[in-house]
2 protein chains.
Amino acid sequence: MHRRTKQRRVILEELAKVTTHPTASDLYEMVRRRVPLISLGTVYRNLDLLSREGAVQKFEFAGSKTRFDATVARHNHVRCMECGRLDDLTELADDGVDDRAIELNGYRILGRRIEFFGLCPQCRERCEEIENT
Amino acid sequence: MHRRTKQRRVILEELAKVTTHPTASDLYEMVRRRVPLISLGTVYRNLDLLSREGAVQKFEFAGSKTRFDATVARHNHVRCMECGRLDDLTELADDGVDDRAIELNGYRILGRRIEFFGLCPQCRERCEEIENT
DNA sequence: GTGTTTGCAAACGTTTTGCACAGGT
DNA sequence: ACCTGTGCAAAACGTTTGCAAACAC
């Protein structure tokens with residue numbers, strides 16, 4: 001069985017503190033303030049273990065680093081193409097995508113991921129200013 | 001202006017030959033049969049250039065290598081979680097996802113990507129056999 | 001001739017792994 | 001005492017980049 005180590009506990013605690021979606025090295029820096037000698041490898045190993053247990057969610061986004069989230073409830077994301085900011089989209093939990101079509105391809109569907117991308121409020125404003133010049 | 005080099009031409013020709021979604025190194029192996037001294041770096045540089053030109057599509061899938069496609073029309077994908085196989089889903093081009101909700105978050109949405117994942121026909125059969133044992 | 005493109009190899013950033021030791025049970 | 005988890009460093013992985021030579025225009 002899995003043992004309750006200080007490293008594992010602090011990683012989970014630090015992840016639960018934030019609503020951002022930290023990467024493994026973000027978390028490494030956060031945890032290091034409380035467990036100075038922790039190694040990045042340990043952070044990776046624990047995040048992997050915790051995500052397999054279902055205690056954290058792991059998001060492997062297209063074209064960027066893996067991000068982690070202590071919020072386990074299902075939700076989709078928007079990424080800003082300009083600054084890289086990542087936001088939750090809780091309202092779109094039920095996305096209305098039709099599953100039947102995929103049955104036609106002979107696949108047994110186990111899940112789906114929707115990623116939206118665009119401009120966040122700040123970058124949008126900045127871009128629109130430039131457009132109007 | 002861009003020059004018409006043998007390497008670039010052969011990369012595009014080989015990519016157009018297949019309906020799979022080769023990675024850069026898959027393509028490197030394919031092209032190498034015709035241009036033995038080509039380097040992997042050249043394949044990457046040309047795929048990048050061709051995708052910026054819109055001649056090929058680049059798919060940066062979550063948690064896996066970037067794949068390329070000479071079919072430019074918009075379509076979604078299913079990935080097999082067991083064997084990694086990747087299929088097109090042309091029928092689901094209009095996915096029915098509601099865009100209005102995202103406007104509420106203040107984002108200007110420029111695109112979305114839907115990835116389905118599950119078991120392909122072959123792996124599905126194999127898994128169901130094991131389940132029934 | 002000029003400037004782009006190439007092959008090669010080294011560098012890169014993220015993630016994984018091998019190892020001997022520390023520490024939870 | 002066992003055997004999982006750790007720190008460290010090196011390796012692995014896909015991708016990018018610096019360079020001098022080669023080539024398209």
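Here is the naming used below: chain letters follow the sequence lines, and residue numbers restart at 1 for every chain. Every heavy atom of this structure was used, including side-chain atoms; hydrogens, water molecules and symmetry mates were not.
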What's [X] touching, base or sugar-phosphate or nothing? Going by heavy atoms closer than 4.0 Å.
{"X": "B/Thr23", "answer": "nothing"}
{"X": "A/Arg45", "answer": "base"}
{"X": "B/Ile38", "answer": "sugar-phosphate"}
{"X": "A/Arg8", "answer": "sugar-phosphate"}
{"X": "B/Ser25", "answer": "nothing"}

*Along DNA chain D, 5' to 3', what are the outermost nucleotides having an atom less than 4.0 Å from a heavy atom of chain B?*
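Going 5' to 3' along DNA chain D, contacts run D/dG14 to D/dC25.
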
*Starting at the 5' end of DNA chain D, which residue's closest nucleotide do you reach first, B/Ala24 or B/Thr5?*
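It is B/Ala24, whose closest nucleotide lies nearer the 5' terminus.
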
Counting N and O atoms only, with roles assigned by atom type, does the side chain of [X] sit under 3.5 Å from a partner on the main chain of [Y], one being a donor and the other an acceptor?
{"X": "B/Arg67", "Y": "B/His21", "answer": "yes"}
{"X": "B/Arg124", "Y": "A/Gly106", "answer": "yes"}
{"X": "A/Arg8", "Y": "A/Arg3", "answer": "yes"}

Would you kindly give the [atom1]-to-[atom2] distance between [X] and [N], to the nearest whole Å?
{"X": "A/Leu37", "N": "C/dG23", "atom1": "CG", "atom2": "C1'", "result": "15 Å"}
{"X": "B/Asp48", "N": "C/dT5", "atom1": "CG", "atom2": "P", "result": "12 Å"}
{"X": "A/Glu29", "N": "C/dT14", "atom1": "CD", "atom2": "P", "result": "12 Å"}
{"X": "A/Asn46", "N": "C/dG24", "atom1": "CG", "atom2": "P", "result": "13 Å"}
{"X": "A/Lys58", "N": "C/dT16", "atom1": "NZ", "atom2": "C1'", "result": "11 Å"}
{"X": "B/Glu60", "N": "C/dT14", "atom1": "CD", "atom2": "P", "result": "14 Å"}
{"X": "B/Ile11", "N": "C/dT5", "atom1": "CD1", "atom2": "P", "result": "12 Å"}

*If you group Ile, Leu, Val, Met, Phe, Trp and Tyr whenever their side-chain heavy atoms sit less than 4.5 Å apart, what else falls in with B/Val35?*
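Listed partners: B/Val10, B/Ile11, B/Leu12, B/Leu15, B/Val18, B/Leu27, B/Tyr28, B/Met30, B/Val31, B/Ile38, B/Leu40, B/Val43, B/Tyr44, B/Leu47, B/Leu50, B/Val56, B/Phe68.
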
*So, for A/Cys80 and A/Cys123, which heavy atoms are closest and what is the spacing to 0.1 Å?*
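Between these two residues, the closest heavy atoms are SG-SG, 3.8 Å.
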
_A/Asn76 vs A/Glu115, side chain to side chain contact (heavy atoms under 4.5 Å, CB included): CA-CA, chis, key distance, verdict_ = CA-CA 7 Å; A/Asn76 298 307; A/Glu115 282 172 60; over 6 Å; no

*Any chance you could lay out the salt bridge (Lys or Arg N to Asp or Glu O under 4.0 Å) test for A/Glu13 and A/Arg34, step after step, and finish with the verdict?*
CA-CA 11 Å; A/Glu13 282 172 9; A/Arg34 292 173 58 192; 2.6 Å; yes

*For B/His77 and B/Asp87, does a side-chain donor sit closer than 3.5 Å to a side-chain acceptor?*
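No, B/Asp87 and B/His77 have no side-chain donor paired with an acceptor closer than 3.5 Å.
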
_Can you say whether a donor on the side chain of B/Arg3 sits under 3.5 Å from an acceptor on the base of C/dT5, or the other way round?_
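No such pair is found, so the answer is no.
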
*For B/Glu125, does the CD atom sit with more than 12 other heavy atoms under 6.0 Å from it, leaving out its own atoms?*
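It does not: B/Glu125 CD has 12 such atoms or fewer within range.
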
*asked:* Using five base pairs at each end to define the local axes, how bent is the helix from C/dG1-D/dC25 to C/dT25-D/dA1, to the nearest 10°?
replied: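 It works out to 30° between the end axes.
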
